[in-house]
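Okay, structure first, notes after.
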There are 2 protein chains.
Amino acid sequence: MERNLKKRETMHRLHAMGLEIFHAKGYYNTSLDDILKELSLSKGAFYHHFKSKEDYFISIIQNLIVQKVYALLVEPLNVNENPLHAIVDSLENALEPGKSNEMAYGFMLHDFMTEFNKRNTEISSYLKDILKVWEVNLVSVLKNGKIDGHIARHIDCEGVATYIIASYLGMRSLLSENNGRQLKYQYLQQLKHYFNSITERQVVA
Amino acid sequence: MERNLKKRETMHRLHAMGLEIFHAKGYYNTSLDDILKELSLSKGAFYHHFKSKEDYFISIIQNLIVQKVYALLVEPLNVNENPLHAIVDSLENALEPGKSNEMAYGFMLHDFMTEFNKRNTEISSYLKDILKVWEVNLVSVLKNGKIDGHIARHIDCEGVATYIIASYLGMRSLLSENNGRQLKYQYLQQLKHYFNSITERQVVA
DNA sequence: ATGTTGACCGACCATCGAGTCGGTTTAAGC
DNA sequence: GCTTAAACCGACTCGATGGTCGGTCAACAT
């Protein structure tokens, strides 16, 4: 049984280190040797576990990235009764730098999406699927929010979800190259203005 | 004098074709031979005009990308007296597919920024500078809009500019892989909601 | 006309990185 | 103990690609 343990251990190390370095330097800018050197592993070991660099990355997506997106962006959507508050809270948290295992700005889906866009359609589609999950969940809580009277009735929930996603993705682009603190604050501030504009007005009799 | 003409002609062809192919396939995913074959030019010709691939791309940035950003995003900011309307119009136009010389979704600054981020700091900084110019101009017209009574006084213009840029950049990520028509409409719709929330309310006496 | 130089050619070089493969070590089954 | 095969090693192949260099040709100056 120790054999099985060894395998899991090695694959886990490969996954974790791969995600870290790929995210830090970009997939195409990282050679397998870069990662292997860091782990003191050989080419042979690598190709024993994965059939290619691409297969390896897909494995990372399915084992780590999916989890992170769920944990950071999907599950928190249901912790607050008001969906707009839940969304603000989840984004605020997701934009927090240096969360879980020192990965700056926690969530790297967008970086990879842009890197693979037009270069590797298979990986792109995996990443798009993850984004889609987020979108679907956003739309769902927004619609509930409409029913519960938190969001104005004439609002297009799909449009709102799109807009939230767009601004969040773009924000991450800006964050990766600037003073994050202030940008994050500005972003959340404006997001609240926006949310204010789609909130159901209280008819103060 | 014909010699000079020939040179300008060749460099212009290299610039235009380079931008087109780099944008379509990505800088790192495009080899010089890809471009040279398309133009029936030789390696020798290329290195006669440019000292490296990187130098070549910087030249493209300075000659073409800067122009496009100005034309699409900066100059249109002053055509409408109300800055919020001017911004909506400019973004609507910039997101129009297939404008000027068949370049889908006109504006590619963001694609390049993400590609070079963490890989080539020199090129990144050139691209960031261009974005900065846009930002500065946005802030400027927003502040004028505040003076002219189009925007509520308590609004943070820098924050608004950041938010606009973020949502626009993110939008382009989404557009590059989906049904653009509907997304664009949704985006502009929500942008208007947002703008509505930062507009100076008329005190209807 | 003649020498010079700019524009261009294309074979060649050097490097890098993904993937291969025969070999070695060691846990597990009998 | 002995065999088997999983886990791993690392030298090697091989294609891709950025960049070099000696040479050709035609425009321009004198």
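For clarity, every value in this text was computed on a predicted model and none was experimentally measured.
Less than 4.0 Å separates DNA chain D from at least one heavy atom of each of the following residues of residues 39-48 of chain A: A:S40, A:L41, A:S42, A:K43, A:G44, A:A45, A:H48.
Rounded to a whole Å, the NZ atom of B:K53 is 17 Å from the C1' atom of D:dT20. In this structure, CZ of A:F50 is placed 14 Å from C1' of D:dC8, rounded to the nearest angstrom. What separates CG of B:L5 from P of C:dC8 is a distance of 12 Å, to the nearest Å. Here the P atom of nucleotide C:dA7 and the NE2 atom of B:H12 are 17 Å apart, to the nearest Å. Summarising the geometry, the separation between CD1 on B:I35 and P on D:dG19 is reported as 12 Å, rounded to the nearest angstrom. Here C:dT20 presents its P atom at 10 Å from NZ of A:K51, a figure rounded to the nearest Å. Rounding to whole angstrom units, CZ of residue A:F22 and P of C:dA18 are separated by 8 Å. B:E54 places its CD atom 8 Å from the P atom of D:dG19, with the value rounded to the nearest Å.
Judged as a ring pair (Phe, Tyr, Trp, His ring centres under 6.0 Å), and not counting sequence neighbours, the contacts of A:F50 are A:H15, A:F46, A:Y56. The ring pair (Phe, Tyr, Trp, His ring centres under 6.0 Å) test applied to A:Y187 returns B:Y163, not counting sequence neighbours. B:Y126 is linked by a ring pair (Phe, Tyr, Trp, His ring centres under 6.0 Å) to nothing, counting only residues two or more places apart in sequence or in another chain. In this structure A:D129 satisfies the salt bridge (Lys or Arg N to Asp or Glu O under 4.0 Å) test with no other residue, sequence neighbours excluded. Under the ring pair (Phe, Tyr, Trp, His ring centres under 6.0 Å) criterion, B:F195 pairs with no residue at all, not counting sequence neighbours.
In this structure, B:K128 forms no cation-pi arrangement with B:F116, as its terminal cationic atom is not both closer than 6.0 Å to the ring centre and no more than 45° off the ring axis.
Using the six-membered ring where Trp is involved, B:F22 and B:F57 have ring planes that are perpendicular, over 60° apart on the 30 and 60° scheme.
When the nucleotides D:dG18, C:dC8, C:dG19 are ranked by their closest atom to the side chain of B:L32, D:dG18 comes out on top.
For the pair B:K6 and C:dA7, the criterion of a side-chain N or O lying under 4.0 Å from OP1 or OP2 is not met. At D:dA7, none of the side-chain N or O atoms of A:T10 fall inside 4.0 Å of OP1 or OP2 (strictly under the cut-off). Between B:H49 and C:dC8, a side-chain N or O to OP1/OP2 separation shorter than 4.0 Å is present.
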